[in-house]
Structure formats: C-alpha cells, structure tokens
Participant: 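Below is a structure I'd like to ask you about.
We count residues from 1, following the sequence as given. Counting convention: from 1, in listed order, for ligands and their atoms alike. In this text the structure is predicted, and so the values were computed from the model without any measurement. Computed from heavy atoms alone, side chains included, the values below leave out hydrogens, waters and symmetry copies.
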Amino acid sequence: MRIGIIGAGLIGTTAAELFARAGHQVSISNSRGPESLADEVSRIGHGVRAASVAQAAADAEVVLLAIPLGAYKSLPAEALSGRIVIDAMNRDPRQDPDLGLAGRGSSELVADHLSGARLVKAFNTLQYQVLATAGRPGSEPAERLGLPLAGDDPEARSVVAGLIEELGFTPVDLGRLTAGNGRRQFGALSHNSLHTPAEERLMLAEQG
Ligand SMILES: NC(=O)c1ccc[n+]([C@@H]2O[C@H](COP(=O)([O-])OP(=O)(O)OC[C@H]3O[C@@H](n4cnc5c(N)ncnc54)[C@H](OP(=O)(O)O)[C@@H]3O)[C@@H](O)[C@H]2O)c1
C-alpha cells in the first residue's frame, strides 16, 4: 500500500519505519520540504522516500497525520479529499493553542477542515517508543497491546484496522469518530498506558 505521512517527527518517522518494514511504500513530509528529510530517509532506509506535503497526500492510498495539532489548518484539504486519513494528533496543552474545542474532540475540528477525507482517529494513544517496540506480529490478538480506532467510514476503519494488525497490535474499534475523541486525548485516563484489547474495552466502558 502507498502510505503518505505528514509530519516527520517522533511519531511520523516511527510509523514510517514500521510501515516500511511491513512492506509498504512510504512517503514522509514536513513543512520544510523533502531536502530537509535526507537524514531520516537514509536512517530508515528501504521503503521510505521524502516528499512534499502535497505529494505525500496526493500519491497515497492512506495518509497519516502526525503534526502538532495547532497546525491542522495547514493540511491540504483538497488533496486529502476522498482519501483514508489517519489522525494521530492529540492536543498538547503545553504547546498547542486553545482551539476552541468547547467539549468537542480534536478530530472533529480536523474532520471539519478535511471535510472530504475518510478520517479515522488512530495511532494517537501510544508513545512513539512504545509504538516502535511493542508490536508483536504473529502473536495471539489477546496478548498484544490494544490500539483504539474510531471513524465514521466503516471501510476506512477496516483498512486502518488491517494496518494496526500488521504492526502487531490489536485494533479496538470504537465506532464513530466522536467515540475516539475526548476519552482518548492527551491527559485522558488511558492515554499512553499499556493495555490489552480487553483492558482497553473495559476502561472505555468505565469512562462512559
Ligand atoms: N510523540 C509521541 O509519542 C506521540 C504519540 C501519539 C501521538 N502524538 C501526536 O502526533 C503529533 C506529532 O507529535 P510528534 O511527537 O511526532 O511531534 P514532533 O516530533 O515535534 O514532529 C512534528 C513533525 O511535524 C512537522 N510539521 C510541523 N508543522 C507542520 C506542518 N504545518 N506541515 C507539515 N509538517 C509539519 C515537523 O517538521 P517541521 O517543523 O520541519 O515541518 C515535524 O516533522 C502530535 O499531534 C502529537 O500529539 C505524538
């Protein structure tokens, strides 16, 4: 699968390496242009190339968003229209501005901006080092860490669930996009904790 990644920092390059290792063709991008990504590309090696944000969006079947949430309005809405887009972004109160969420989840703002995209919230709950090291491809689903996903397009959720499986995590499908928001944000109870799929489901039920 062709996967574009917008944001080539901790989470973007970690995901790029894992997807490339799983056999996908990955494009990584940032706001400074492909030349600035030469070191990352040579470190990750096979399967990854540098691209502009526009190329990473236009060439891909699936696009992962891994930029600071405060920059979400710079995302190319037209190029992402019709694509499966994974939102891995969280609001970090230490660096992101007050986005006027007023009780809404950050993915709802992203969905408003990317109104034509098939948005799935996922890959936002594990710290990048955990994502890099905790995948157990080939192991029993119940023994893996659970990785929640949410989105309004069932087919897009199913594609993203397949990617999560390939990386050795168990997808925990929460259903609609709003289900993946407030409870999964930075600072929420289970953010960045390590849970089996059964524990993830239990915690979500307890959090209402
Ligand atoms: N770190 C984690 O463990 C973790 C885990 C789960 C979720 N997340 C979420 O993932 C997102 C990224 O976090 P991170 O820790 O990977 O941040 P990071 O290391 O600071 O990387 C951010 C990347 O985004 C690029 N960028 C910034 N503004 C951009 C724009 N307008 N267009 C394109 N690229 C842009 C940056 O490069 P340039 O500035 O050069 O463009 C950089 O490559 C955040 O929303 C965070 O909440 C992080």
Participant: I'd like to check whether I6 has a polar contact with ligand 1, where a contact means an N/O of the residue lying under 3.5 Å from an N/O of the ligand.
Facilitator: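 Checking ligand 1 against I6, no N or O pair falls under 3.5 Å apart.
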
Participant: Would you check whether L75 reaches within less than 4.0 Å of ligand 1, judged by its heavy atoms?
Facilitator: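 Under 4.0 Å: no for L75.
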
Participant: Is there side-chain contact between D112 and R104, with at least one heavy-atom pair below 4.5 Å?
Facilitator: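 The answer is yes; the side chains approach within 4.5 Å.
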
Participant: If the contact criterion is a heavy-atom separation under 4.0 Å, does N124 count as touching ligand 1?
Facilitator: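 Contact check N124 vs ligand 1: positive.
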
Participant: With a sphere of 6.0 Å drawn around CD of E61, does it hold more than 12 non-hydrogen atoms of other residues, nucleotides or ligands?
Facilitator: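 Yes - once you tally the heavy atoms of other residues, nucleotides and ligands closer than 6.0 Å, there are more than 12.
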
Participant: Ignoring angles and geometry beyond distance, decide whether Y128 reaches within less than 3.5 Å of ligand 1 through its nitrogen or oxygen atoms.
Facilitator: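 Yes, there is a polar N/O contact under 3.5 Å.
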
Participant: Where on S74 is there a heavy atom closer than 4.0 Å to ligand 1, on the side chain, on the backbone, on both, or on neither?
Facilitator: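 Within the 4.0 Å criterion, S74 contacts ligand 1 through side-chain atoms alone.
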
Participant: For A88, counting its heavy atoms only, list the atoms of ligand 1 lying under 4.0 Å from any of them.
Facilitator: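 Matching atoms, with element in brackets: 7 (C), 8 (N), 9 (C), 10 (O).
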
Participant: Below 4.0 angstrom from a heavy atom of Q127, which ligand 1 atoms are there? Numbered from 1 as shown, please.
Facilitator: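 Those of ligand 1 that fall under 4.0 Å from Q127 are 3 (O).
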
Participant: Taking 4.0 angstrom as the limit, do E140 and R144 come out as a salt bridge?
Facilitator: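 No salt bridge links E140 with R144.
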
Participant: If we only count N/O pairs under 3.5 Å, is P68 in contact with ligand 1?
Facilitator: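 Between P68 and ligand 1 (N or O atoms, distance only) the closest approach is not under 3.5 Å.
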
Participant: List ligand 1 atoms under 4.0 Å from L126, heavy atoms only on the residue side.
Facilitator: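 That gives atoms 5 (C), 6 (C) of ligand 1.
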
Participant: Is it the case that ligand 1 has an N or O less than 3.5 angstrom from some N or O of I11?
Facilitator: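 I11 vs ligand 1: N/O contact under 3.5 Å present.
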
Participant: Let me see the working for D59 and R49 under salt bridge (charged side-chain N to carboxylate O under 4.0 Å, His left out), right down to the final yes or no.
Facilitator: CA-CA 12 Å; D59 296 347; R49 70 183 185 106; 2.9 Å; yes

Participant: So for atom CD, which belongs to E155, do other residues, nucleotides or ligands contribute more than 12 heavy atoms lying within a distance under 6.0 Å?
Facilitator: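 Check fails, neighbour count at 12 or below.
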
Participant: Start with the C-alpha gap between N30 and S36, add the side-chain angles, then the distance that decides, and say whether side chain to side chain donor-acceptor pair (under 3.5 Å) holds.
Facilitator: CA-CA 8 Å; N30 65 9; S36 67; 3.1 Å; yes

Participant: Hey, which atoms in ligand 1 end up nearer than 4.0 Å to a heavy atom of M89?
Facilitator: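 Once the distances to M89 are compared, the set is 45 (O).
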
Participant: Look at R91 together with D96 and state whether they make a salt bridge at an N to O cut-off of under 4.0 Å.
Facilitator: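 Salt bridge absent between R91 and D96.
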
Participant: Does the distance from a Lys or Arg side-chain N to an Asp or Glu carboxylate O, for R176 and D152, drop under 4.0 Å?
Facilitator: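 Yes, charged N to carboxylate O under 4.0 Å.
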
Participant: Ignoring hydrogens and angles, tell me if any N or O in the side chain of S29 forms a donor-acceptor pair with the backbone of I5 under 3.5 Å.
Facilitator: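 Indeed, once roles are kept as given, a pair shorter than 3.5 Å links the two residues.
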
Participant: Which bit of L131 is near ligand 1, meaning a heavy atom under 4.0 Å away: side chain, backbone, both or neither?
Facilitator: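 Under 4.0 Å from ligand 1, L131 contributes no heavy atoms.
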
Participant: At a 4.0 Å threshold, what atoms of ligand 1 neighbour a non-hydrogen atom of A71?
Facilitator: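 Every atom of ligand 1 under 4.0 Å from some heavy atom of A71: 31 (N).
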
Participant: Give yes or no for whether the N/O distance cutoff of 3.5 Å, strictly under, is met between F123 and ligand 1.
Facilitator: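 Between F123 and ligand 1, no N or O pair is found under 3.5 Å apart.
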
